[in-house]
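Report on the structure given below.
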There are 2 protein chains.
Amino acid sequence: MSAIADVARLAGVAKATASRALSGRGYVSEVTRLKVVAAARAIGYVASPNAASLVTGRTKSIGVIIPFISRWFFSEVLESMEEALLAEGYDMTLYNLPASSPERDSVFEYFLARKRFDGVISVGVALSEGEVDHLHRLGRPLVGIGGPIRGVQTIAIDDVAAARLATEHLLSLGHHDILHIGGNQTDEMDFKVHSQRLTGFYAAMHEAGCRTEGAFFPCEFTMPSGYLVGLSVFGDPRSRPTAVFAASDEIAIGLIVAARELGIQVPADLSVIGIDGHPYADMFRLTTLEQHPRRQGRLAVDTLLAELESPTHREESDQLTVLPTNLVFRSSTSAPRSPLGGSPD
Amino acid sequence: MSAIADVARLAGVAKATASRALSGRGYVSEVTRLKVVAAARAIGYVASPNAASLVTGRTKSIGVIIPFISRWFFSEVLESMEEALLAEGYDMTLYNLPASSPERDSVFEYFLARKRFDGVISVGVALSEGEVDHLHRLGRPLVGIGGPIRGVQTIAIDDVAAARLATEHLLSLGHHDILHIGGNQTDEMDFKVHSQRLTGFYAAMHEAGCRTEGAFFPCEFTMPSGYLVGLSVFGDPRSRPTAVFAASDEIAIGLIVAARELGIQVPADLSVIGIDGHPYADMFRLTTLEQHPRRQGRLAVDTLLAELESPTHREESDQLTVLPTNLVFRSSTSAPRSPLGGSPD
DNA sequence: CCTCGTTCTGGAACCGGTTCCATGAATATC
DNA sequence: GATATTCATGGAACCGGTTCCAGAACGAGG
């Protein structure tokens, strides 16, 4: 509607002066600045960022690539990022890209090439080197959440360590017959979270001298999937473990629901630990390793905006920020029943 | 990097011709069109939508206002909208605005005034008349999901009818002592879903001649909240109903988990019905009214894009599209035990 | 008094596209 | 064969800002 030319005319100054007055760059006397601001307010002037970005190259908008919206971790990250960006005056443009989806390439070719945003945050999507280079050539900083990308600032938890910690928690309670139920490498996630959690599990088990053959069952990262796997794995009393390390809280809760239905006491007959810190964990009294997705989102935004403020050399910025996890000990884990059938003393 | 002028130079034509060739508007001979397209491909040219929107007024981007990202209904809607928009070449810019949040006004004043999008979809946020007018003055169509806004195309289910249907399902099974556990008017939602579901419940109950004093308990729309309310409401056996109509599946599932922990058999001792069609419903065998949020999102996008294609007069478009719900009968509902203590025959 | 540096302002170019308008060629109409 | 139409193209203006540059006004320093 109203352009800066209108403001300038009303204030009786040139476009250039009006622009300087409103943006705060360059010399403007205090009296004309006030005149211009008053004129702008009078006609309800709001600058068009499109026009400005055409010449400045800055869009005040950042793009987010994310494989899921409806799963807990991702929606939490998203919410926290949106909040942080809004507070800084940035728009957030969302690209929901299931890893290896058919749209994947076209999004990069088309959407990301349009220089519509100042930077990109990739949540749980491993970009290829070519894609990373592409963004760098455009001078667009990139921050990742959920796993290292070469040459990119990344925020993540240490999945190997978290899995090890969870497993060690069960081991320290006296369990030896422990299962890991989680993702396998071939499924929908780009990053190595699945294999890393598996690695951490194996490492802890081997260190404790426990056998791990047949100790892993694949499972989608959802509650219904955990439930179904639970029904099938716990269905046979002879193969039933004394403890399970689930790769996510949703899986863990599905397992607990399945166990309850099968008449298996948690934790007396079966201990269950998850990873996440899901809001449902408390009502199922689930012991879990909290990973605070909102902090990760917040930090990703801060990192990206800092990079926009004062660009660093790419080499320097090649680093991984590891956020801590913390164990929340609830009553889904305990020492196993004495193997001789008595209760533990 | 590369601009349309470069393409034109390489193809040996004028900027105007290159623009016509690439956009498909206006007369261009087939041979020059191919030359231009080849040149564009050769230098990896991608048009800047910012520059284009400056003159066309179209941004190929739409804004979405939504109060939650992490709750099921909203994340489903969001995912489906993103998918539909991406397929049509539109970007989606997200504004996560908890109703009556402090940022609420500034977003409207600032973000929405910057003519950055061609249209707006408001999911579960009731815009004020002033805000609606503002968008209309800017010529930006607006589509709502989740409840009628004056003068705006809206997509929703009939919450009164859905609540009535759910209640009637319980009544038809022979229940009389039915509770409604759901939202109250004063909580965080803008729209009237809460009060409408309550209205439908009361209507069905009164029609059936059932008393409703003390039959409503307020509850946040989450599983943990349903669980806590369930523990407290079902805790006293004397005040326990034979059936509950929960305003959402998450509440219903929380209630079921609470009932199980209290040793209450579902459905023998207590029938539970929800509204949503949540993916967890199946594993808890929850009878529910499915409301298909993805369809709502999809339809909202289709409606908005159609409006952008061929704008209609505001008066004509003032309408509410009511999407159907359907009852999925699982085993969380059944006839009540005979009040005399025997089993029903 | 002249020169220099600082502050302030306006004119004009520019960002990267689209579109209006004029011109010219090819084809159709009478 | 003269006159309309349709098609094809280039030049230039324009969208709404920012920024470069030149020039004016002013006080300070020599």
Side-chain angles (χ1 to χ4, degrees), chain A residues 1-37 39-40 43-61 89 91 110 113-118 138-140, chain B residues 1-37 39-40 43-61 89 91 110 113-118 138-140:
Chain A
M1 220 61 313
S2 58
I4 200 171
D6 303 327
V7 176
R9 197 176 316 121
L10 186 59
V13 299
K15 257 175 66 179
T17 305
S19 172
R20 277 186 296 253
L22 293 171
S23 69
R25 275 180 294 271
Y27 291 118
V28 181
S29 75
E30 186 59 16
V31 35
T32 55
R33 197 185 67 76
L34 290 176
K35 265 197 308 190
V36 171
V37 168
I43 61 176
Y45 169 77
V46 178
S48 156
N50 278 335
S53 76
L54 197 53
V55 45
T56 61
R58 295 251 164 264
T59 63
K60 277 286 194 173
S61 170
D91 282 347
Y110 183 58
R114 304 193 292 173
K115 29 194 137 90
R116 265 208 168 171
F117 19 75
D118 299 342
L138 287 157
R140 300 285 179 260
Chain B
M1 215 71 301
S2 59
I4 201 172
D6 303 326
V7 176
R9 198 177 315 121
L10 185 59
V13 299
K15 258 175 65 179
T17 305
S19 172
R20 277 186 296 251
L22 293 171
S23 68
R25 276 181 292 271
Y27 292 118
V28 182
S29 75
E30 186 60 15
V31 32
T32 55
R33 196 184 67 77
L34 290 174
K35 267 196 309 192
V36 171
V37 169
I43 61 176
Y45 169 78
V46 178
S48 155
N50 278 336
S53 76
L54 197 53
V55 46
T56 61
R58 292 263 107 109
T59 62
K60 276 283 190 176
S61 170
D91 282 348
Y110 183 57
R114 302 193 292 172
K115 30 192 138 94
R116 266 209 168 169
F117 14 72
D118 299 341
L138 288 156
R140 300 284 179 259

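Throughout, protein chains are lettered first and strands after them, A, B, ... in sequence-line order, and every chain is numbered starting at 1. This one's a predicted model, so the numbers in the text were calculated from it and none came from an experiment.
- Between the side chains of A/T32 and A/S29, at least one donor N or O sits under 3.5 Å from an acceptor N or O.
- The residue A/S53 sits apart from the nucleic acid: no heavy atom pair falls under 4.0 Å.
- Mapping A/Y27 and B/N50 onto DNA chain C by nearest heavy atom places A/Y27 at the nucleotide closer to the 5' end.
- Residue side chain A/R20 reaches the base of C/dG10 through a donor-acceptor N/O pair under 3.5 Å, judged by distance alone.
- Residue order along DNA chain C, read from the 5' end via each residue's closest nucleotide, puts A/V31 first among A/V31 and B/L22.
- We find that CZ of A/R25 is positioned 17 Å from P of C/dT9, with the value rounded to whole Å.
- The side chain of B/T17 contributes no N or O atom lying less than 4.0 Å from OP1 or OP2 of D/dT9.
- Between B/E30 atom CD and D/dC7 atom C1' the separation is 14 Å, expressed in whole Å.
- The interatomic distance linking B/K35 (NZ) with D/dG10 (P) rounds to 8 Å, in whole Å.
- Distance CZ (B/R9) to C1' (D/dT9): 18 Å, rounded to an integer number of Å.
- Within 3.5 Å, a donor on the side chain of B/K15 pairs with an acceptor on the base of C/dG17, or the reverse.
- Proximity of B/I4 to B/Y45: side-chain heavy atoms (C-beta onward) are separated by under 4.5 Å at one or more points.
- Taken from OG1 in A/T56 to CZ in A/R25, the straight-line distance is 7.5 Å, to the nearest 0.5 Å.
- Annotation: side chain of A/S53 is not in contact with side chain of A/K60 (no heavy-atom distance under 4.5 Å).
- Residue A/T56 is classed as a sugar-phosphate contact, given heavy-atom separations below 4.0 Å to backbone atoms only.
- One atom, CD1 of B/I4, and another, C1' of C/dC14, lie 17 Å apart when rounded to the nearest Å.
- Between A/L54 atom CG and C/dC15 atom P there is a gap of 9 Å when expressed in whole angstrom units.
- Residue B/S48 places no side-chain N or O under 4.0 Å from the OP1 or OP2 atom of C/dC15.
- Residue A/D6 contributes atom CG, which lies 13 Å from atom C1' of D/dC15 at whole-angstrom precision.
- Under the side-chain hydrogen bond (donor to acceptor under 3.5 Å, both in side chains) test applied with B/T59, the options B/D91, B/N50, B/D118 reduce to a single match, B/D118.
- A/S19 has a side-chain polar atom (N or O) that falls below the 4.0 Å cut-off from OP1 or OP2 of D/dT18.
- As rounded to whole Å, 7 Å separates atom C1' of C/dG16 from atom OH of B/Y45.
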